[in-house]
Amino acid sequence: MNISEPRMRRRRWSLGAVAAAGLLLCGCSTVGSTSSSPTVPAPARGSITVAAASSLSKVFPVLARGFEKVNHGATITFDFGSSGTLATSISAGAPADVFASAALSSMAPLVSAGLVAGRSIPFASNALEIITKPGNPLGIHALSDLVKAKVVALCVVTAPCGATAQAALSKAGVHLPEGQVTVAPDVDTTAAAVTTGDADAAIVYVTNARSETGHAQGVPIPKKENVVTTYPIAVMAASQNKSLAKAWVTYVQGPIGQAALHSAGFSPAA
Amino acid sequence: MRAATSSRVPRVAGALGLLGGLLLVVPVVALVARAPWGTVLSNLGSPAAVQALELSGICSTATLIISIIFGVPLAWVLARSTLPGMRVLRAAATLPMVLPPVVGGIALLMAFSRYGPLGRVLFSVFGIQLTYSIAGVILAETFVAMPFLVITVEAALGAVSPELEEVSATLGAGPWRTFLSVTLPVIGPSFAAGCALTWARALGEFGATITFAGDIAGRTQTLPLAVYLALQRDEGLAVSLSIGLLAISLAVLIGLRGRWLGAVRT
């Protein structure tokens with residue numbers, strides 16, 4: 001295995017050289033009709049800012065490293081936060097080339113305000129999960145057990161994780177007294193209330209429960225009480241580098257992006 | 001007098017200074033201009049706002065009292081002690097003034113959360129949990145605001161003529177009596193200014209509070225936290241609450257000016 005690796009790499013190299021030479025030849029022979037050939041996209045360059053839901057803050061940077069490797073000279077800067085807050089700041093003129101939201105409802109106002117170039121495309125979905133302190137000392141096994149916790153961390157209702165958590169609680173018929181709930185601005189901060197802070201439990205996404213393994217214990221929420229949120233992604237109309245922005249959207253939707261999202265715990269878009 | 005002053009300031013500096021002044025004034029003017037004046041009072045009177053205002057008042061006043069009890073002696077030590085390590089202690093006491101409050105909140109979590117070295121003892125021995133409690137808000141506010149009192153009082157103590165205290169001592173007064181009846185009255189105006197600064201800083205505390213004590217309505221949601229939460233839902237409410245905080249800050253400032261003018265006169 002170890003011995004054959006360099007040889008394989010060399011072979012790939014030579015294949016690449018042949019392909020490049022072929023491309024050059026193609027380019028020479030078909031001058032004037034290059035625009036009609038969509039199979040060979042120009043390597044995307046420059047830099048873009050991707051505003052993304054904080055639940056994507058673990059998986060997107062990893063994907064971006066792969067993307068930047070494929071597109072030499074491209075850089076992606078992220079602006080993670082609550083989708084609700086991001087949508088508000090984009091409407092107010094915050095610079096973003098791509099917006100990846102944790103809910104269709106946070107993308108919709110941008111679409112109707114004409115701030116989205118083309119269509120917004122669903123690329124993943126996420127469900128809710130309870131997290132507790134490691135070992136689950138309070139014995140929380142369902143949403144109804146959350147009343148046993150002294151402090152439950154929830155996202156603010158303007159964030160998709162907050163809206164879906166409220167929906168799930170009302171589906172389960174659970175009412176948490178106000179004095180028991182600490183509100184955090186986005187899902188990562190909500191999870192941190194349990195992993196770093198002293199909150200006994202939090203309602204976060206399945207993906208948070210997956211990434212916090214060891215720092216928190218996940219307690220699945222049954223399907224009939226759970227609420228699934230769909231993640232749309234779109235290129236912004238104000239983008240100065242739409243080709244790179246589109247390339248990133250395509251990459252996220254493509255096999256590499258979907259595989260990374262799947263291993264982070266996301267489900268495919270419904 | 002006026003002509004003499006203006007001739008001393010070069011025009012470029014004057015222009016830059018004016019721009020600097022505008023930078024500080026314009027946002028506040030914009031805040032006042034954007035306020036939904038018809039609903040400011042009813043917004044400030046809403047149960048959630050009153051709850052947050054009460055909590056803010058209780059916590060910043062408690063912070064001030066704790067800061068006086070512990071901060072004034074700390075200032076005394078820093079100003080008078082000749083023990084080694086005073087410079088380190090002074091730096092440590094000033095650090096929270098320049099530390100980002102969120103970092104202060106994380107530091108407090110590391111020490112006082114149920115899993116921190118001190119918090120674990122408090123919780124297992126006394127059953128006290130500081131995080132997500134009013135006590136936690138006061139702790140966070142004290143961490144951030146007490147240095148303002150310490151620094152102000154220490155500077156004033158440094159300016160007190162040692163002869164005054166020596167005279168008091170030769171008249172037979174002990175160090176406590178001398179401090180309380182001779183030194184403290186002399187530094188009175190600075191002490192009052194330090195108190196006002198500490199109280200105002202505690203009132204406005206956000207980062208350390210939300211990091212350490214969370215954001216629980218009625219328990220740890222102080223006015224600045226309520227403003228932040230309101231901003232994501234209802235801009236009018238956020239601006240109204242901000243106007244309330246602005247009014248309190250102005251009142252403190254006006255009170256301070258009076259004190260300082262008094263200090264100049266004496």
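Bear in mind that the values here come from a model prediction, so they are computed numbers and not experimental data. Chain naming here is simple, since letters A, B, ... match the order of the sequence lines and numbering starts at 1 in each.
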J.: Please look at B/F123 and chain A and tell me whether the side chain, the backbone, both or neither of the residue comes under 4.5 angstrom of a heavy atom of that chain.
T.: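 Neither; nothing under 4.5 Å.
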J.: Mind checking side-chain contact (heavy atoms from CB on, under 4.5 Å) for B/S242 and listing every partner two or more places apart, or none if nothing turns up?
T.: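 With neighbours one apart ignored, the set is B/L31, B/V227.
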J.: So, taking the atom named OG1 in A/T85 and the one named CG in B/L231, what distance separates them when rounded to the nearest 0.5 Å?
T.: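 A/T85 OG1 to B/L231 CG: 8.5 Å, rounded to 0.5 Å.
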J.: Does B/Y132 form a side chain to side chain contact (heavy atoms under 4.5 Å, CB included) with A/Q180? I'd like the steps, not just the answer.
T.: CA-CA 9 Å; B/Y132 301 108; A/Q180 209 180 324; over 6 Å; no
J.: State the CG-OG1 distance between B/L229 and A/T158, to the nearest 0.5 angstrom.
T.: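 One finds 7.0 Å between CG of B/L229 and OG1 of A/T158.
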J.: Measuring only between side-chain heavy atoms, which start at C-beta, is B/Y115 closer than 4.5 Å to A/D198?
T.: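 SC-SC contact between B/Y115 and A/D198 confirmed.
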J.: If you measure from OG1 on A/T189 to CG on B/D215, what distance do you get to the nearest 0.5 Å?
T.: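 Reported value, rounded in 0.5 Å steps: 11.5 Å.
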J.: So what's closer than 4.5 Å to chain B heavy atoms on A/T88: side chain, backbone, both or neither?
T.: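 Neither part, no heavy atoms under 4.5 Å.
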J.: What residue in A/G197, A/P185, A/G84 has the most heavy-atom pairs under 4.5 Å with chain B?
T.: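 The residue among A/G197, A/P185, A/G84 with the greatest pair count is A/P185.
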J.: Tell me, do B/Q221 and A/V183 make a side-chain contact under 4.5 Å, heavy atoms counted?
T.: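 When only atoms from C-beta onward are counted, A/V183 and B/Q221 do not touch, as no gap falls below 4.5 Å.
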J.: Can you list the residues that meet the side-chain contact (heavy atoms from CB on, under 4.5 Å) rule with A/S105, with sequence neighbours excluded?
T.: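 If we apply the side-chain contact (heavy atoms from CB on, under 4.5 Å) test to A/S105, skipping adjacent residues, the hits are A/A103.
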J.: Is there side-chain contact between A/V181 and B/I216, with at least one heavy-atom pair below 4.5 Å?
T.: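 With C-beta onward as the side chain, the pair stays apart.
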J.: In terms of heavy-atom proximity below 4.5 Å to chain B, should A/A199 be classed as side chain, backbone, both, or neither?
T.: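 Contact with chain B involves both backbone and side-chain atoms of A/A199.
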J.: With a 4.5 angstrom heavy-atom cut-off, which part of A/K133 approaches chain B: side chain, backbone, both or neither?
T.: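 Contact with chain B involves the side chain of A/K133 alone.
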J.: Measure distances from B/R219 to the heavy atoms of chain A and classify the residue's part below 4.5 Å as side chain, backbone, both or neither.
T.: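 Answer is side chain: those atoms of B/R219 sit under 4.5 Å from chain A.
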